[in-house]
Number of protein chains: 2
Amino acid sequence: MILDAIDKKILRVLQRQGRIPNNELAALVGLSPSPCLRRVRVLEDKGVIARYAAILDPGLVGMGLTVFARVYLTGQGEDQVNHFIEEIGKLSQVVECHLMAGDCDFLLRIVAEDLVGYRRFQGERLARIKGVQSIKTDIPMQMVKQSWEVPLAPDGR
Amino acid sequence: MILDAIDKKILRVLQRQGRIPNNELAALVGLSPSPCLRRVRVLEDKGVIARYAAILDPGLVGMGLTVFARVYLTGQGEDQVNHFIEEIGKLSQVVECHLMAGDCDFLLRIVAEDLVGYRRFQGERLARIKGVQSIKTDIPMQMVKQSWEVPLAPDGR
DNA sequence: GTTGAAATTATGGTCAA
DNA sequence: TTGACCATAATTTCAAC
């Protein structure tokens, strides 16, 4: 997949304004509407644009706390790892889950209403998954930066 | 801000399909187009919907590696912390930055092309920010789950 | 919340560079 | 191969009910 300068412009705009009308997008990237739309469709079809999403303010829907949890399993066998992965998939509060190379087995980003809600979630859901040995929670004091944008190199790659 | 069941339905759909036509959205949530659009506008105006975004496939734009970095500063004075925050804001590869309560000072999520690219980024950018004492990098072996959706409680909150 | 008409936007064909 | 222009279809938007 080769992206030229115009494709990258399109992606940069669409990452910030996912619902911009095609007319305006075309004007911003210096194209007329048709070829602009054609490029967007190609980017969608190739999967470069995976999907579109509304970005919510977590605090305004009562889910203002983000925490990180490091999970240690009792063993690293395939069955055990897969079981954990499967259970995590069912928990919508777990917004991100990475199988780690170092120290801990999994790193999770979890969204909760507040500390009380997180404590309950950890005790009633996370800790009860079979094979979980221990959980260490890292609590942010302040979210300094949050972006959903993939950085795009300025020129062709 | 009080969200009723229909608002939550709308938000759930819009988090997954940010560009769904209002007609279809209305049908999905059991409303006719006009009141549905009215609700969406209210959610936008109140800031519950912060914005819309195209979600890209990082691998397909040549940015397939996500790493976490724990940053330790030489001190926690306000000036030092603020300087770090300011510099981080300029680095588009730093997709997330949290000021932490415990162990390390900052937790960063960084997007890079590959390990070579990350190493360069860490050496040339991160480590050169004034006041950075040390950086510990956690590397995911596998991304198990990634979601941008804020979980919404089923009933009124 | 509903209906329906008007304005805006998306889409696809065709031609030109 | 890529972009421009134009006609048509779909969608959004806003009135009145």
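- In this structure, A/Asn22 places its CG atom 14 Å from C1' of D/dA10, rounding to the nearest Å.
- Of the candidates C/dA10, C/dT3, D/dA4, the closest approach to any side-chain atom of A/Asn23 belongs to C/dA10.
- Looking at the side chain of B/Arg38, the nearest of the listed nucleotides D/dC14, C/dG1, D/dC6 is C/dG1.
- Here the side chain of B/Glu87 pairs no donor or acceptor atom with the backbone of B/Ile129 at under 3.5 angstrom.
- Atom-to-atom, CG of A/Leu37 to P of C/dG13 comes out at 13 Å; the value is rounded to the nearest Å.
- In the set D/dG3, C/dT11, D/dT13, the nucleotide with an atom closest to the side chain of A/Arg41 is C/dT11.
- In the set D/dC6, C/dT9, D/dG3, D/dG3 carries the atom at the smallest distance from any side-chain atom of A/Leu31.
- Per the geometry, CG belonging to B/Leu25 stands 15 Å off C1' belonging to D/dT13, to the nearest Å.
- Between B/Pro21 and A/Gly30, it is A/Gly30 whose nearest contact on DNA chain D lies nearer the 5' terminus.
- Contact annotation: A/Arg39 reaches the phosphate of D/dG3 (side-chain N/O to OP1 or OP2, under 4.0 Å).
- The side chain of B/Glu24 approaches D/dT11 more closely than any other nucleotide in the set D/dT11, C/dG13, C/dG1.
- Linking ILVMFWY residues whenever their side-chain heavy atoms come closer than 4.5 Å, directly or via other members, places A/Phe121 and A/Leu115 in the same cluster.
- Using a 4.0 Å cut-off between charged side-chain N and carboxylate O, B/Glu96 and A/Arg109 make a salt bridge.
- Close placement of the A/Phe106 and A/Phe84 rings is indicated, their centers lying within 6.0 Å of each other.
- You won't find any donor-acceptor pair under 3.5 Å spanning the side chain of B/Ser32 and the base of C/dT3, going by distance alone.
- Going from atom CD1 of B/Ile20 over to atom P of C/dT9 covers 20 Å, rounded to whole Å.
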